[in-house]
Amino acid sequence: MIWELDFALLIFMIFCAIAAITVRDLLHATIILSAYSLIMAVIWSEMNAVDVAFTEAAVGAGITTVLFIAAIARTGRRSSD
Amino acid sequence: MRRNVIIKTVSRFLVPFIQVYALYVIVHGALGAGGGFQGGVVFAASFILMIIAFGLTCVRERFNYKWIVMLSALGITIYATIGLLCLIPGGNYLEYGSIEALLGIPHLHGYLIDAVEIGIGITVMATMTSIIYDMGDTGGESS
Amino acid sequence: MTLIDHLPVFLIAIPILASLLILVAGWWDRRFCYPISLVTILSQFGAAVIILAQVMREGTVRYYLGGWAPPLGIELAIDSFNGFILATILLLSVATVIYARKSVEHEIGPEKTIAFYVLFQLLVTGLVGMTITGDIFNLYVFLEISSIAAYALIASARKPRSYLASFNYLILGSIAGGFILIGTGNLYAATGALNMLDIARLLPASFELATVHAGFLFLVIGYSIKAAFFPLHIWLPDAYAESPSAVTILISTVMSKVSVYALFRIIFTIFTTAYIVDVFPVTGFILFIATVAMIAGAVIAIAQSDLKRMLAYSSISQIGYIMFALGVANQIALEGGILHILGHAVMKGCLFMVAGLIIYRVGTSRLSDLGGIAKVMPISCAAFALAGASMIGIPPTIGFMSKYYLVLGALEAGHWVYAAILLLGSLLAVGYIWRFIEIAYFRDGHDGGSGARTLEAPASMLAPMVALALLCLLLGIFVEGLMEIVGPAASLLLGGA
Amino acid sequence: MKLKALLAVAFIGIILFWAAGDLPAFGDPEAPATRYTGKLYVDLALSDIGVENIVAAILASYRGFDTLGEVVVIFTAGISVALLLRRGGRL
Amino acid sequence: MIGSFYELFFARYNYWMAIILMLIGLYALIAKQNLVKKLIGLNIFQTAIFLFYISLGEVRGGTAPIYLPEGVDALYVNPLPHVLILTAIVVGVSVTAVGLSLIVRIHEEYGVIDEAELLQELRRR
């Protein structure tokens, strides 16, 4: 484990989280959330949790994003906050 | 949505590879990273790719709700039944070791874990596909 | 090993398979759903009674899943306390599933019947799993099974408002789930164990760590949200009022009781009384909040104009009574609290069944539209009066007995102010129960204008309601028999044999 | 609403940071969790189960019941989504 | 002083980051008006809890919990949190799926998915 990389990724992830909840467009927010999940998967694989990282990459960045996009397609991308 | 011939061809080419990879992930779970859940999700991802490329109705005709319901029930049934089978030799629920001791086959424990992972994979694949079908179904023609 | 030894796991594994069977058989023909569900829940109840008898005879039943003993594996542990809760929740589930048939035909479209029964079965299974598991993470997994089933079942009323109620419940339930996960993680970090008894054994060494305190707080807050303990109850009124009748009965009687059970289990088995009294004194605070809950719930209930909503707020008040026992934390009060878990389940189940019947026949549960309803629905209103009397605490009903023990316990611990407030709270219960009685019996409205036609519901809905109403009375009269289970359960919680 | 949320979040945050102060240090091999059950699993998994991946061994065998619960959770979610969204069909 | 701060920082920074992420998610879950935003917050909240768990299992200098060939001496990280989190991830995606389908239904019934606008709609009816 390289702590510099770990730390940088964590900082980046906090930025992603803040961006995901402040962006007005829901589709953008979903894509940022997907990036967040992917970085999380990288951090976990770097922490030697390979199974969990694999799952998060498949579920968090894959299925969850698809579900969000499907729901947004049926509701609308506009968000007031 | 306009159907692009490149997308169709590429996904027709890719889907079998994704599915083989998913099966590899499920079966390989005992040796390295992976397992039933991840494999099932990757398998469901191949269906998502097909839905994106060919449209929901087309995929749903090939692999319809009946299949999905039966498969999602089948996966849990495999898991729970293997658990119940362990009672026959006198073990506790899910005590695979008891079957191994009864039949005397070495490494049966590992094979049973593989069987269980396959059960998990089937259920996860079927359920994820079902959720995607329901979420993607807008009721109209455009998908 | 005989088959009897495997009963604890059959309680969970067989219903899971049965829910799949409901799905597959229902796909073939929808009429198969109900009988399979009924048979499964009845046999679960039978198994629970057998296990309870076994526990009372031989002491705690332990079942190691996969044959792995606790530090490694998961165990199911049934002692007199959760054996009692198990029998209670399954009794109420049996009543609900008998009641559900007509109610489902009426309130849920025929195309959703299969999904409804599958989820119903899974909800009951999840709650049973929560009750009998001895592993703190397994508790979380079963909690989520039951929560997800409950979200969908609440929304199955298919009214616009029910979706909103369900979504609010989902948000708060997820917050609760997250808190429970954080609390479990903190305990795991402090002890390294996940088995409840194992944690209880290892925890005293690290009682002073902030991690343990935080774990305690998060677990208690999380399960309090699930149990709708007073300031965290905001999801409850909508969820109860907007869901289909059968679901309301199930979540108000069974689900909230199991959450309260989990709270008791975590506080008394894992943290033990030594922790909550000496190390991290919270009993006074819990007692205070519980008292506020009793009064506030009852006052808001009086102000409601809808019968189901009124009963929902009354639930908040009654959860306060149960938590009162937790705050007093002595033998007698705990006996009262455990008795009240059963009592409240029985009487609230009966009251919600009456509300469901009224919706079934009249189509509304607004109090102002129900004038003179007793003339056309005499049996239902009589059942309401009986269960309501129990809710108020009129002897010799079960409600009186539990409150009697609670007051005795409070007096023994020297909390006479709280005891007085508890009695006052019972008076407030008169307010909302009487309100319906007055409207039903002494107002005009449904007075034979539509002829002599009686509006009583079909027998399959009346029978469980009448049975529960009579049970309020019978349990109160034969309370000595119950005390033989409740007494050991209370002393077990306090750390005795 | 925003203010209330901030207050609640601040309250939770204070508890969490307070608790983090007493957690075992990050990556400490002597942490209770690692020393107790973690070591047990690492030592026993190969001889008990004969599977190279310790996570798979725990997932399928030691804590197999959790995994059964997990599969039931996802099944429940599938049925729930079908109950909520599916039009027509049998379910 | 500075040295001890460094020590404290290295011993804890992962937990702190996880807690900050949890709080961001929790804030979005409570305060955001848009229902989809709430679920995004829920996802962030849950993932942060998972990060917290994985951090608990980390061992400095450890290797992934997959047995190396016979004879190689290795220090493995604690595998138990990984198993718990695998289960919890599944729970998380299930809750997300149910929540999203509820949002779709709410949008069909009311035409909006914003809490303030939903309240207006409710009052109007």
Side-chain angles (χ1 to χ4, degrees), chain D residues 1-6 8-10 12-13 15-17 19-21 23-43 45-46 51-60 62-63 66-67 69-71 73-78 80-86, chain E residues 7-8 10-16 18-20 22-24 26-33 52 55-62 64-70 74-84 86-91 93-98 100-102 104-105 108 115-116:
Chain D
M1 192 63 205
K2 284 221 163 73
L3 189 69
K4 255 196 270 179
L6 274 178
V9 168
I12 299 295
I15 302 179
L16 278 169
F17 276 109
L23 281 173
F26 178 55
D28 181 8
E30 285 302 308
T34 314
R35 208 178 51 222
Y36 180 40
T37 37
K39 192 167 178 331
L40 273 179
Y41 283 123
V42 169
D43 289 348
L46 192 60
V51 163
E52 273 83 2
N53 187 349
I54 309 175
V55 173
I58 302 173
L59 192 77
Y62 288 117
R63 297 186 71 86
D66 261 359
T67 312
E70 161 194 332
V71 181
V73 165
I74 194 133
F75 176 72
T76 314
S80 303
V81 175
L83 172 78
L84 288 169
L85 289 183
R86 198 169 289 177
Chain E
E7 239 165 58
L8 194 69
F10 279 120
R12 298 275 182 274
Y13 74 95
N14 230 0
Y15 300 129
W16 292 347
I19 290 169
I20 291 170
M22 272 182 222
L23 297 180
I24 293 171
L26 194 62
Y27 174 77
L29 196 50
I30 300 172
K32 287 290 165 182
Q33 297 285 309
F52 169 68
S55 308
L56 287 179
E58 170 69 8
V59 173
R60 202 157 290 229
I66 297 170
Y67 283 116
L68 296 174
E70 204 74 34
L75 180 68
Y76 300 105
V77 301
N78 184 0
L80 188 53
H82 302 182
V83 179
L84 304 182
L86 275 178
T87 310
I89 286 178
V90 179
V91 170
V93 71
S94 308
V95 172
T96 309
V98 175
L100 283 172
S101 48
L102 279 170
V104 168
R105 274 293 177 205
E108 274 176 15
E115 260 191 350

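Below, chains carry the letters A, B, ... as their sequence lines are ordered, and counting in each starts from 1.
Side-chain atoms of D:V42 and D:I54, non-hydrogen and from C-beta on, do get closer than 4.5 Å to each other. Side-chain contact between D:R63 and E:L80 is present, with at least one heavy-atom pair separated by less than 4.5 Å. E:R60 has its side chain out of reach of E:L75: every pair of non-hydrogen atoms, C-beta onward, lies at least 4.5 Å apart. With a 4.5 Å cut-off on side-chain heavy atoms, D:P24 and D:E30 do not count as touching. With a 4.5 Å cut-off on side-chain heavy atoms, D:V55 and E:I66 do not count as touching. Looking at heavy atoms from C-beta onward, E:L68 lies in side-chain contact with E:Y76 at the 4.5 angstrom threshold.
Neither the backbone nor the side chain of E:L100 comes within contact range of chain D; no heavy atom of the residue lies under 4.5 Å from a heavy atom of that chain. For D:A45, the parts sitting under 4.5 Å from any heavy atom of chain E are the backbone and the side chain alike. Of the two parts of D:V51, only the backbone, made up of N, CA, C and O, holds a non-hydrogen atom closer than 4.5 Å to a non-hydrogen atom of chain E. Residue D:A31 does not touch chain E at all, counting heavy-atom pairs closer than 4.5 Å. For D:S80, the part lying near chain E is the side chain, with the backbone staying farther off; criterion is any non-hydrogen pair under 4.5 Å. For chain D, no part of E:V95 is nearby; none of its heavy atoms comes within less than 4.5 Å. In this structure, the portion of E:Y15 lying under 4.5 Å from any heavy atom of chain D is its side chain and not its backbone. Using a 4.5 Å cut-off between heavy atoms, D:D28 touches chain E through its backbone atoms (N, CA, C, O) alone.
For the atom pair OH of D:Y41 and OH of D:Y36, the computed distance is 9.5 Å after rounding to the nearest 0.5 Å.
Taking chain E as the reference chain and counting heavy-atom pairs below 4.5 Å, the highest number among D:G69, D:A8, D:G21 is found for D:G21. Of the residues considered (D:L6, D:L3, D:L46), D:L46 shows the highest number of contacts with chain E, using heavy-atom pairs under 4.5 Å. No other option in E:E108, E:R105, E:H82 has as many heavy-atom pairs under 4.5 Å with chain D as E:R105. Chosen from D:I74, D:L85, D:T76, the residue pairing most often with chain E at heavy-atom distances under 4.5 Å is D:L85. For the set E:P79, E:A18, E:A31, E:G62, the entry with the most heavy-atom pairs within less than 4.5 Å of chain D is E:P79.
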Can D:L16 and E:L23 be said to form a side-chain contact (heavy atoms from CB on, under 4.5 Å), step by step?
CA-CA 9 Å; D:L16 278 169; E:L23 297 180; 4.3 Å; yes

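In this structure E:R12 satisfies the salt bridge (charged side-chain N to carboxylate O under 4.0 Å, His left out) test with no other residue, sequence neighbours excluded.
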